[in-house]
Every structure is written in C-alpha cells, then in structure tokens.
Amino acid sequence: MTTNDALVQRADDLLAKMTLEEKAGQISQYFYFRGWTAQNELVEAQVRAGRVGSLLFVADPRETNRLQRIAVEESRLGIPLLFGFDVIHGLRTIFPVPLGMAASWDPQLYERVQAIAAREARAVGIHWTFAPMVDIARDPRWGRIVEGAGEDPYLGAQIAAAQVRGFQGEAIGAPEHVVAGPKHYVGYGAALGGRDYDEVNISESELRNVYLPPFAAAVAAGAGNVMTSYVGIDGVPGAADRYLLTDVLRGELGFKGFVVSDAAAVMDLVTHGFARDEQDAAVRALRAGLDMEMWTGMRIAPGADPTPTVGAFSTLAEAVRRGVIEESLLDEAVRRVLLVKLRLGLFEQPYVDEAAAGTILNDPAHREMARIAAERSAVLLRNEGNILPLDRSAVRQVAVIGPLADDRAATLGPWVFAPDLNATVTVLEGLRRTAGEGVRVEYAPGVPMPARAIPSPFASLAQALGMPASSETSFDEEAELAHAVALARASDVAVLVLGEAADMNGEAASRSTLDLPGRQLELLEAVAATGTPVVVVLLSGRPLDLRRVLPLSAAILVAWHPGSEGGNAVARLLWGDATPGGKLPFSWPRSVGQVPIIYSRLNSHQPSTSHQRYWEEESTPLYPFGFGLTYGQVEYRNLTLSATQIGLNDTIEATVEVHNVSARDVEEVVQLYLHQRYGRAARPVRELKGFERVTLKPGERRTLRIAIPPSARRYWSKADSAYVLDESDFDVWVGGDSTAALHAEFAVRSSTV
Ligand code: BGC
C-alpha cells in the first residue's frame, strides 16, 4: 500500500463513522474574529458538535490551540480543524505587495519570501493560506491589481508557481510550510470597468490564453487548494461552474486538492439570481465541484442582517436525505478535506508550540529578506541627469516631503492583519537611519492624505482585526504646504513620497481615475517651483497618472507598498547602497482613458496607426511592460538562434550577450519576446516567453541562453476548440523591456527536411 493509499484508507475509515451532519460540517469553514462574541459562540458550539472543518482569521497561537482543543477533545470524532488565513505578503514580517514582488521578476526570491511567510504562519497554527492571488489584471482601476502579478500570463505563471513552491515546500506536510490556495478561479481580474465584483465577459480563447495559465502553473506546482471567484463567466458564478471546476480544473489541469469558495460565495449564489435558495445553492456548488464553503458566519454586506447563522452547506445533510444530491458526492468533498488534514499531519500534531512562535515571528533573517525583497521590487522609471543615486558627500540637507513619507500603514499596504506596526520602517525613518553623519534629513507632510469618498465596506472588519489604519493627518493645510515649500527651498534635494494610502487599493478599492489622491500634485508643483531637484518615491499598488508629475521630477522610483523594511530599502536605493532593477509587470498607462492597455495586443486593422488611436494623445503606454532603469547602462548584442527552422515539437534556443557598459553595478532583467506571424488565429504582436534577472559588475559581459520550448508557441484556437501548434514564421526579440529591438527569426514546419 502506498502512503497515499494509506491516507485514503484512513480518510475512508473516518468517513464511515461520520453522520451526514458531521460530513456537511467538515466541508464548512467559518470566520472567527476576535470580538465577534455572538458569532464566536455559535461557531464554537458548531465546532463542539463536529460541524466545522475549518476556521479562518485566527492568528494567535493560544487561540488556535484553544479552538483546536475544542475540536480534538470535545467533538465526537475529534477531527482537527484546519486553520486558514490571508497570508498574502507576510504575516508578522511584511514583504512588498504582490504586484511589487512580481516587479522583481525574481521567482526564486519570491519562493524564499513565501517560505518565510509560511514559516511565520505555521508557527501560530495556520495551516493554509489564501494565496497566491494569480488573477491576471489588465485594468488598474481594479483595486485588486495590487494582489497579483499584473497583466502577463507568462510572468504570472512563473510567479504563481514560485509562490506555491515557497508556501508549500517539497510537498504538503513539509514542516514549517502551509497549503497554498491560488485564487480566484477564474477571470476575476476582468471585472467590467475595473469595478470590483462586477460581471466578467471573456471569451474561451482569452480565458485559456490569458487567464488560465497562472492557475495551470500553480496546479502543476502542486497547489493543494484553489479558491473560486466571486464573479462568474457567462452568468455562471465561479462557485458553481461545473465546466470550470470539474472539466477544466480537475479534468484538464489535473488538480488533486480541494476547492474552497470565496467568502460567502455559496450563499451569494442566491443573491446572484442563480440559485433558488440556500439548499439549491449548496447542492449546485457541490455538484459543480466545490468542496468547501467559506462562510462569514453572518451577512456582512452593508445593511444586511448581522445575526450569526450557519452556512449554506449545513443544508446538505437534509438534501442527501431528501435525495436531492447523492451522498457519494458529499463523501468525495469530505475525503478531500480529510486528506489535506492527514497530509499535514494534524491528527498526529494538532497543536502548535506557543512558546516557539515568538522567536520565529521575530527572526531577524525574515526582516533581512523583507529588505532585500523591497530593494529588488522597486522600479526606477526616471533618472534625469543621473540625479540618483544621491551623493552623501554632496548633500547637506534632504527634505522629505509628503503625507506618505511617515505613514506606516501605507508602507505596509493592504492585506496585512498581524504586522508589528511600530517596527515598520517608513521612508522618512529609513533615510534618517542611513543618511550618515553630515546629512540632515528634515520632514514636512505638506498636505493631508484624503479619506476615501466612499468608505471601504471592510473598514469595521479591518478595525476588528487590528489592521493598521493610515495616520490621520489633520493640520492647518496652508501653513503646512508653506512649511514644505520652505523646507524644500532650504534643502539640496526634495524626496517627495506620494501615492495611495493602504485602503485605496485591494478588495473593494477600485478607482475611476488614476490621479494622485488629494492635493499631492499641488504639493509637488509647489515644491518643484522652488528649483530644488525633486525625487519622487511612489507608494501605490497600481500605476498612477504621471503626465504632470514627469516634467517636475528628476527621478521617479516606484516602491509599491514595500513592507516592514520598506523605508530602509528605499533609502538604500536612493543612496546607491543598493541598485534598482525591478521592471514593470504591466504597461503603465498615460491616463485612465487608455485603460485597458496591454503590450500583447493584436495587430488588428491598420497596425501602423496603432499608436494613433486617440486624436488627442498617443495611444501608447507611458512606460512599456517590462520597463525599468538601473543606475548603470546595459547593451544587448549578438542575438542568435540555435536553428533557422525547427519541427512543430522542437525547442529552439536563443543566445544573447548582455554587456554592462557603465562604471556601476547593474541589475537587469533580460526578456525574450515571441511573435507568430500567421496561423489559425492572429497572435499577439509579441508575448513574453522567457526572462532572467542578472547582476553585472562594471564592464562585465554575460552570455545568456534562453530556451523556447513548443509550449511557448502553443495557444487555444477558437477554430479548433483546442490547443494548437501552427506551422508559421516567428520573430524573436530580446532586450530590457517589451519594446526590445534586437531581433531574430525562425520557421516552424511540420517536417524539417
Ligand atoms: C476575498 C478573498 C479572501 C477572503 C477571505 C474575500 O473577500 O475575495 O481573496 O481570501 O475574503 O479573507
């Protein structure tokens, strides 16, 4: 008997002892928030009755142990609970937001980062993270663009797989690791108008060529869980789409784990106007292939009745009795959930070592990695006259200006629940710590950060969870603005820290403009008018409209929401103690009116005018996908291919030389793009198909080889309703962004003779 067979046997032995209510309970997951007294009483009673399989939102090891004891010692069968949590970019140690991590173009780094996040999570009793978020996002109005890897399916797939490996380790059950749950399956990023939760309309080709690849990569990397999307394609909500959950996810992608709904998304099948009632919702979700219902425990939509209730899956016992659904389907879902608990070793070791947790959460190596990650994720967009790095010996005073410069919450970004806020290093603090003897660092916020006009529906939840709120700045605005201007005038350089507060991106944080919120632009204009050179550090989780920022700024460094060590990382980059080398994981639009704008577009009609599709400004992005500067200078030379013609199933290899032609270290991401000239469908003008981040010493030359396997040419053809490989002619470009000019070509023929 294999180990797997033995586990299945154990799961089946347990199943044979379970009542229908216990089975339905085992596939029910509940929110458990500190302070939600009425709800928590209900949830604890359910745990005691063996009617809960999993809880989310507990991150205190004493609490996970206490609740686990109820399940193990007080419930009839003693089946341990599975604790899930949104460990998105760290638990205690906060790393850059995922969009920033993607901008590092460094999957190995991301793997190590998520391994640390997993270590901290497991130390407090969390077994499973609702991450990575692998939704392709092509509309930066959508607040959740910050949670993913941007617009590109290839980059997205590499980043997704790396995160799964990091979270899970060698296999599910690896010590100090957690189960990964790629989400939100699938197409959530295409919400109409960038409005979170709005409908999604994507074609089968777009689904398969763009939105599915990161999920396929996460599944291939062994992800133990998948979370469904709130929204649906063609009117079928994600939690009940049998085609996507069973035919595609399990059938085609070979997913072996368990599927969870998004929060309250089974109950939502009723509000969508899809299911008749709760039981219909539960039955249809289970039949579609959903294994576990995530239930908030009460309705949390604004205005909804907050009385705690049990979830829709609790109706499944009766549904089996009434013959509405087969018990075998219920058993399958329960078996999958029991199997993950068995693989994690929860039956042997349900509890966590409370004393050890503190040491792990405060491991200095974690902070070190957070700083490195923030340094590697930053993207340098502009550096006129090489104003950066700043020269410590030439600068006597730095003016640090802007409402975000000392805002710890904005430094961390959204989706953090258990950070040590006081240990978060802001840009101001980072610059102060690193400036050195002869350099003064002075601060003026200049203008306040505005509050959201439409408050976040999560504001109260965030409070209950102890999530950090942005610092409320209330002051005499005119006096502060004048103070900031005076400070800039008296300084050698002004570092303006501008962008978005933490609650301005993330879930339910879509925007209808990409403007700098509040009076930040006015502040920049006033400071720039002093003539003191301006370096802008942007904190945000999406691209912002920089058209009026550019002419006023000598340098722009995108730091995203850089995490616990963000300020130290930014300061080291500004002083040149670290070298920027991140690249944009999306095309940076000029204005919101261009959205969505992507580099991998189709030629369509009259490609020669593709940059002139609007009459008032160019229809090209402000910065292309893959763009980012470093402090030195890189040149690409001698691109060659291993063949001029290959067969349909052959791999071809590109070779290119990368030269550091400057006197500084450089960080560069070498990118390879591919284009198929004709075929069963017109293909994008170019698509990323390979990349590698390299560090080069002054004068160093490196020869890189990048393989282009057949999978790089494979795509979903509408005409065939299948994945195909075409005989065609192909262009290859290699360079430092998606406008790379160094070119080669090859042919693909079914016979190479
Ligand atoms: C989000 C998920 C998240 C879940 C639990 C939902 O509102 O869409 O991404 O994992 O809440 O926090």
Side-chain angles (χ1 to χ4, degrees), residues 28-34 36 39 54-59 82-91 97-99 117 121 126-135 137 142-149 160 163 167 178-191 195-198 200 214-215 218 223-232 237-239 258-268 271-272 290 292-302 304 311 413-418 456-467 503 505-510 541:
S28 300
Q29 181 189 44
Y30 284 82
F31 274 36
Y32 191 98
F33 276 121
R34 206 177 21 196
W36 282 16
Q39 152 133 354
S54 175
L55 296 177
L56 70 153
F57 284 129
V58 191
L82 187 65
F83 287 96
F85 203 90
D86 288 283
V87 187
I88 307 298
H89 54 121
L91 186 76
V97 286
L99 191 65
I126 293 165
H127 312 119
W128 160 30
T129 177
F130 311 125
M133 192 278 228
V134 305
D135 293 318
W142 190 49
R144 304 198 79 169
I145 187 175
V146 66
E147 293 174 53
Q163 290 189 76
F167 282 129
V178 296
V179 174
K183 66 187 186 186
H184 308 80
Y185 188 75
V186 53
Y188 185 17
R195 293 179 297 272
D196 208 0
Y197 313 145
D198 265 15
V200 164
F215 284 98
N225 168 255
V226 163
M227 183 190 289
T228 61
S229 158
Y230 276 133
V231 299
F258 71 109
V259 179
V260 70
S261 75
D262 202 338
V266 178
M267 289 286 198
D268 266 6
T271 42
H272 273 274
L290 188 86
M292 181 180 271
E293 176 191 24
M294 181 191 287
W295 173 228
T296 42
M298 62 165 116
R299 299 254 169 218
I300 48 176
W415 286 107
V416 294
F417 300 106
S456 168
F458 300 121
S460 59
L461 273 188
Q463 225 175 4
L465 278 165
M467 277 164 78
D503 69 349
N505 46 57
E507 188 173 353
S510 294

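In each ligand, atom 1 is the first atom listed, and ligand 1 is the first ligand listed.
- Of the protein's non-hydrogen atoms, the one nearest atom 10 (O) of ligand 1 is Asp86 OD1, 2.6 Å.
- At the top of the distance list for atom 8 (O) of ligand 1, counting protein heavy atoms only, stands Asp262 OD2, 2.6 Å.
- Put simply, the side chain of Gln39 does not reach to within 4.5 Å of the side chain of Tyr32, judged on heavy atoms.
- Note that the CG atom of Asn225 and the OG1 atom of Thr129 stand 9.5 Å from one another [nearest 0.5 Å].
- Using cut-offs of 30° and 60° on the angle between ring planes, the pair Phe215 and Tyr185 is perpendicular.
- Checked against a 3.5 angstrom limit, the closest N/O atoms of Arg144 and ligand 1 fall inside it.
- Residues Phe57 and Trp36 fail the side-chain proximity criterion, which asks for heavy atoms closer than 4.5 Å.
- The N/O atoms of Glu507, backbone and side chain alike, include one that comes under 3.5 Å of an N/O atom in ligand 1.
- Those atoms of ligand 1 that come under 4.0 Å of a heavy atom in Phe57, given as number and element, are 12 (O).
- Counting only distance, with no hydrogens or angles, the side chain of Tyr188 and the backbone of Asp196 share no donor-acceptor pair below 3.5 Å.
- Contacts of Lys183 with ligand 1, taken as heavy-atom pairs under 4.0 Å, involve the side chain alone.
- Residue-ligand proximity, Phe130 to ligand 1, at heavy-atom distances under 4.0 Å covers atoms 10 (O).
- Looking only at side-chain heavy atoms (C-beta outward), Met133 and Trp415 stay at 4.5 Å or farther from each other.
- Judged by the shortest distance from any of its heavy atoms, His184 lies inside the 4.0 Å radius around the atoms of ligand 1.
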